[in-house]
Trainee: 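One structure, as structure tokens, below. Some questions next.
Nothing fancy with the numbering, it's 1 onward along the sequence.
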Amino acid sequence: MQFKTEIIESKFVEMDDLKKADLILITGSNPKVTYPVAFDKIKKAQKKGAKLVCVRDWKDETSKEANLYIEIKDGTQMAFLNCILNYQN
């Protein structure tokens, strides 16, 4: 298992990585609304078989299109991510 993080700012730096992704994890962001060009790439990857997992404290537009939505309590995002990393080891 390999982890790679991307931070979307004014542009999505490595959108080509989405073409190769098996799983896309989105946490703390709503790219369907805030980054529609990036979300279009995510949807194309999903159509090619990539699974979209959205981790949020409330269901938004992106979460509704995810293969898996994980609802967490507000302020527990880092604890959730630490659990994933701890499980990996």
Side-chain angles (χ1 to χ4, degrees):
M1 183 183 289
Q2 182 178 357
F3 289 100
K4 183 171 183 173
T5 60
E6 292 290 340
I7 299 174
I8 302 173
E9 292 177 359
S10 61
K11 60 183 177 179
F12 200 81
V13 179
E14 296 181 36
M15 277 199 216
D16 288 338
D17 285 345
L18 290 173
K19 294 177 186 175
K20 301 178 229 167
D22 297 320
L23 182 119
I24 301 166
L25 175 66
I26 298 175
T27 178
S29 182
N30 185 5
K32 184 172 183 181
V33 172
T34 55
Y35 305 101
V37 173
F39 193 72
D40 183 52
K41 303 279 187 189
I42 291 168
K43 290 302 293 178
K44 286 179 182 175
Q46 228 180 348
K47 287 178 184 174
K48 290 183 178 179
K51 301 298 180 196
L52 176 60
V53 178
C54 191
V55 180
R56 294 287 304 229
D57 55 346
W58 56 280
K59 200 162 194 170
D60 58 17
E61 292 83 354
T62 301
S63 302
K64 292 174 185 172
E65 301 213 21
N67 297 96
L68 177 62
Y69 166 63
I70 302 172
E71 185 174 2
I72 59 174
K73 290 184 179 181
D74 187 30
T76 61
Q77 180 178 339
M78 290 309 298
F80 176 83
L81 294 172
N82 283 330
C83 287
I84 292 174
L85 292 174
N86 188 44
Y87 181 79
Q88 170 63 22
N89 294 328

Trainee: Output the distance between atom OG1 (Thr27) and atom CE (Met78), rounded to the nearest 0.5 Å.
Mentor: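 CE of Met78 is found 9.0 Å from OG1 of Thr27.
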Trainee: Just to verify, what does Thr76 make a side-chain hydrogen bond (donor to acceptor under 3.5 Å, both in side chains) with, not counting sequence neighbours?
Mentor: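 Expected list: none.
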Trainee: Grab the two heavy atoms, one from Ala66 and one from Cys54, that are nearest each other, plus how far apart they are.
Mentor: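 Looks like CB-CB, 3.9 Å.
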Trainee: For the residue pair Tyr69 and Trp58, what are the closest heavy atoms and their distance?
Mentor: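 In this case the closest contact between Tyr69 and Trp58 is OH-C, 3.1 Å.
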Trainee: Using the rule given for side-chain contact (heavy atoms from CB on, under 4.5 Å), can you reason through Val55 versus Leu81, listing the C-alpha separation, both sets of side-chain angles and the distance that settles it, and then say yes or no?
Mentor: CA-CA 10 Å; Val55 180; Leu81 294 172; over 6 Å; no
Trainee: Between the main-chain N or O of Thr62 and the side-chain N or O of Asn30, is there a donor-acceptor pair closer than 3.5 Å?
Mentor: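 Yes.
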Trainee: Would you find a donor on one side and an acceptor on the other, under 3.5 Å apart, between the side chain of Asn67 and the backbone of Leu52?
Mentor: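 Between the backbone of Leu52 and the side chain of Asn67 there is a qualifying donor-acceptor contact (under 3.5 Å).
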Trainee: For the atom pair CZ (Phe39) and CD (Gln46), what is the distance rounded to the nearest 0.5 Å?
Mentor: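 Reported value, rounded in 0.5 Å steps: 6.5 Å.
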Trainee: Does a sphere of radius 6.0 Å around CG in Asp40 hold more than 12 heavy atoms from other residues, nucleotides or ligands, not counting ones at 6.0 Å or beyond?
Mentor: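 Enclosed: over 12 neighbouring heavy atoms sit under 6.0 Å from CG of Asp40.
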Trainee: Cluster question for you: counting only ILVMFWY and a side-chain heavy-atom cut-off of under 4.5 Å, with indirect links fine, are Ile72 and Leu25 together?
Mentor: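 Yes.
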Trainee: In Å, rounded to the nearest 0.5 Å, how long is the span from CD1 of Ile26 to CD1 of Ile70?
Mentor: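 Reported value, rounded in 0.5 Å steps: 12.0 Å.
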Trainee: Can any side-chain N or O of Asn86 pair as donor or acceptor with the backbone N or O of Asn82 at less than 3.5 Å?
Mentor: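 Such a contact is absent between Asn86 side chain and Asn82 backbone.
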Trainee: Rounded to the nearest 0.5 Å, what separates atom CG in Leu18 from atom NZ in Lys48?
Mentor: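 Going from CG on Leu18 over to NZ on Lys48, the span is 10.5 Å.
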Trainee: Can you measure from CG (Asp57) to CD (Gln77) and round to the nearest 0.5 angstrom?
Mentor: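 The CD atom of Gln77 is 8.5 Å from CG of Asp57, to the nearest 0.5 Å.
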Trainee: Please check: side-chain N/O of Arg56 versus main-chain N/O of Ser29, any donor-acceptor pairing under 3.5 Å?
Mentor: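 Yes; judged by distance alone, with no hydrogens or angles, the pair exists.
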Trainee: Could I get the full list of salt bridge (Lys or Arg N to Asp or Glu O under 4.0 Å) partners for Glu65, not counting sequence neighbours?
Mentor: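 Glu65: salt bridge (Lys or Arg N to Asp or Glu O under 4.0 Å) contacts with Lys32, Lys43.
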